[in-house]
There are 2 protein chains.
Amino acid sequence: METKVSTTPEDWAATYRRDCPSRTVVELLANKWGLYVLAALRRHGRPMRFSELRRLLDGITQKMLTQTLRALERDGLVTRTVYPTVPPRVEYALTELGVEAGRLTDAIGTWSVEHARQILAARRDFDDRAAIPPQPVGPTGTGPAR
Amino acid sequence: METKVSTTPEDWAATYRRDCPSRTVVELLANKWGLYVLAALRRHGRPMRFSELRRLLDGITQKMLTQTLRALERDGLVTRTVYPTVPPRVEYALTELGVEAGRLTDAIGTWSVEHARQILAARRDFDDRAAIPPQPVGPTGTGPAR
DNA sequence: CGGGATCCTGTATGATACTG
DNA sequence: CAGTATCATACAGGATCCCG
């Protein structure tokens, strides 16, 4: 209530409908590679080459990178410029829209880094608690050596 | 304002490494259901019941919802409270951390709604351009009709 | 170098049924 | 109601090979 956004609860309800167009947009951003590519391009501040992105994003395959870039290009978040030089040279740059989206994905990336430690701690904690032998019952051994 | 740890380009580089812990966090948020659940809880402003979430998030299966909530709980973003009433009643609430994360995912959801029209237009445009007949080549297909 | 096209497998996700 | 357990499968994603 304290936050003043232009979207109303009614808009949100529509968002949750599986046929809401915005869902396809969310799903574009809510995918690790799409998110990383956008964040990387935004942080880099200038166009990047295909291989540059590939090298930066550890673990991404050529297929996934191509696929991701295509999807982003298709939705108007990045532009693809081909320089017909001898060794082909293709650069990807963010559009205005892409920069905006990049701000959001960048924020997630940054937040994740800043809270990774805390979250991983909570995770270990949870796992430990779940690993406690299932034996709360009975006055038998307080500590079932199991 | 939260303690803003100045992120440097070097930090980012680490982010892109597949073994960077933050990646697991990103992947928690960068998934449509996780994103929607967080956003929904945040927008709702108060705890929600399992079935409430299920009804709201059109298309989510009980399995996915459970799985998503578990993951969020594990990472300390939501708390799970069970009221041992006759018909079981379980409520999910955001933790402080969850509220923060929710701000980010909410932002993505909101942005997606606000730009869906524009993005879908770009998408149609792209598809149309791609659909241009692969060259109404004149006489005798120059290329092997495969 | 920057992909396109294939092939192939693991996992994510869905559908269904059962339980406390 | 709020799950857990199972089974079935679609699709994401990895590995390869090839081409302009």
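Labels below follow one simple rule: chain letters A, B, ... track the order of the sequence lines, proteins then strands, and each chain is numbered from 1.
When each of D:dC1, C:dG2, D:dG14 is scored by its nearest atom to the side-chain atoms of B:Arg49, the top-ranked nucleotide is D:dC1. Proximity note for B:Lys63 (side chain, C-beta onward) versus C:dC7, C:dT13, C:dG2: the nearest is C:dT13. In this structure, the nucleotide among C:dT6, D:dG20, C:dG3 sitting nearest to the side chain of A:Pro88 is D:dG20. Looking at the side chain of B:Thr66, the nearest of the listed nucleotides D:dG3, C:dG2, C:dG14 is D:dG3.
The separation between A:Gln62 atom CD and D:dC18 atom P is 15 Å, rounded to whole Å. One interatomic measurement links the two molecules: CG of A:Asn31 to C1' of D:dG13, which rounds to 11 Å at whole-angstrom precision. Rounded to whole Å, the distance from CZ on A:Arg18 to C1' on C:dG14 is 10 Å. Atom NZ in B:Lys32 sits about 8 Å away from atom P in C:dT13, given to the nearest Å. As rounded to whole Å, 17 Å separates atom P of C:dG10 from atom CE of A:Met64. As rounded to whole Å, 14 Å separates atom C1' of C:dG14 from atom CG of B:Leu65. Summarising the geometry, the separation between CH2 on A:Trp33 and P on D:dG13 is reported as 9 Å, rounded to the nearest angstrom.
Over its length, the helix from C:dC1-D:dG20 to C:dG20-D:dC1 turns its helix axis by 50°, as judged from the five terminal pairs at each end, rounded to 10°.
No donor-acceptor pair under 3.5 Å is formed between the side chain of B:His44 and the backbone N or O of B:Ala40. Side-chain N or O atoms of A:Thr24 include one that pairs as donor or acceptor with a backbone N or O of A:Pro21 at under 3.5 Å. Between the side chain of B:Thr95 and the backbone N or O of B:Gly98, at least one donor-acceptor pair lies under 3.5 Å.
Across all strands shown, B:Tyr92 has heavy atoms under 4.0 Å from sugar-phosphate atoms exclusively, and none from any base.
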>> Show, in sequence, the C-alpha distance, side-chain angles and deciding distance for B:Leu35 and A:Leu29, and conclude whether the side chain to side chain contact (heavy atoms under 4.5 Å, CB included) test is met.
In response: CA-CA 10 Å; B:Leu35 189 146; A:Leu29 307 179; over 6 Å; no
>> Determine whether B:Thr110 and B:Arg43 satisfy the following criterion, side chain to side chain contact (heavy atoms under 4.5 Å, CB included), listing intermediate values before the conclusion.
In response: CA-CA 11 Å; B:Thr110 301; B:Arg43 289 164 179 173; 3.7 Å; yes
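By the 4.0 Å N-to-carboxylate-O rule, A:Glu73 lies close enough to A:Arg70 to be salt-bridged with it.
Under the 30°/60° scheme for interplanar angles, the aromatic rings of B:Tyr16 and A:Tyr36 are found to stand perpendicular.
Expressed to the nearest 0.5 Å, how far CD1 of A:Ile60 lies from CG of A:Leu69 amounts to 7.5 Å. Distance check: A:Gln67 CD to A:Leu72 CG gives 11.0 Å after rounding to the nearest 0.5 Å.
With A:Asp75 as the partner, the salt bridge (charged side-chain N to carboxylate O under 4.0 Å, His left out) test is satisfied by one option alone out of B:Arg124, B:Arg117, B:Arg123: B:Arg123. Partner A:Tyr92 forms a side chain to side chain donor-acceptor pair (under 3.5 Å) with one of A:Arg49, A:Arg80, A:Glu52 and no other, that one being A:Arg80.
B:Arg80 has a side-chain polar atom (N or O) that falls below the 4.0 Å cut-off from OP1 or OP2 of D:dG3. Distances shorter than 4.0 Å separate none of the side-chain N or O atoms of B:Arg89 from OP1 or OP2 on D:dA2.
Within residues 50-60 of chain A, the residues that place at least one heavy atom under 4.0 Å from DNA chain C are, in residue-number order, A:Phe50, A:Ser51. A heavy atom lying under 4.0 Å from DNA chain C marks none of the residues of residues 68-76 of chain B.
Counting heavy atoms from C-beta on, the side chains of A:Met48 and A:Leu56 come closer than 4.5 Å.
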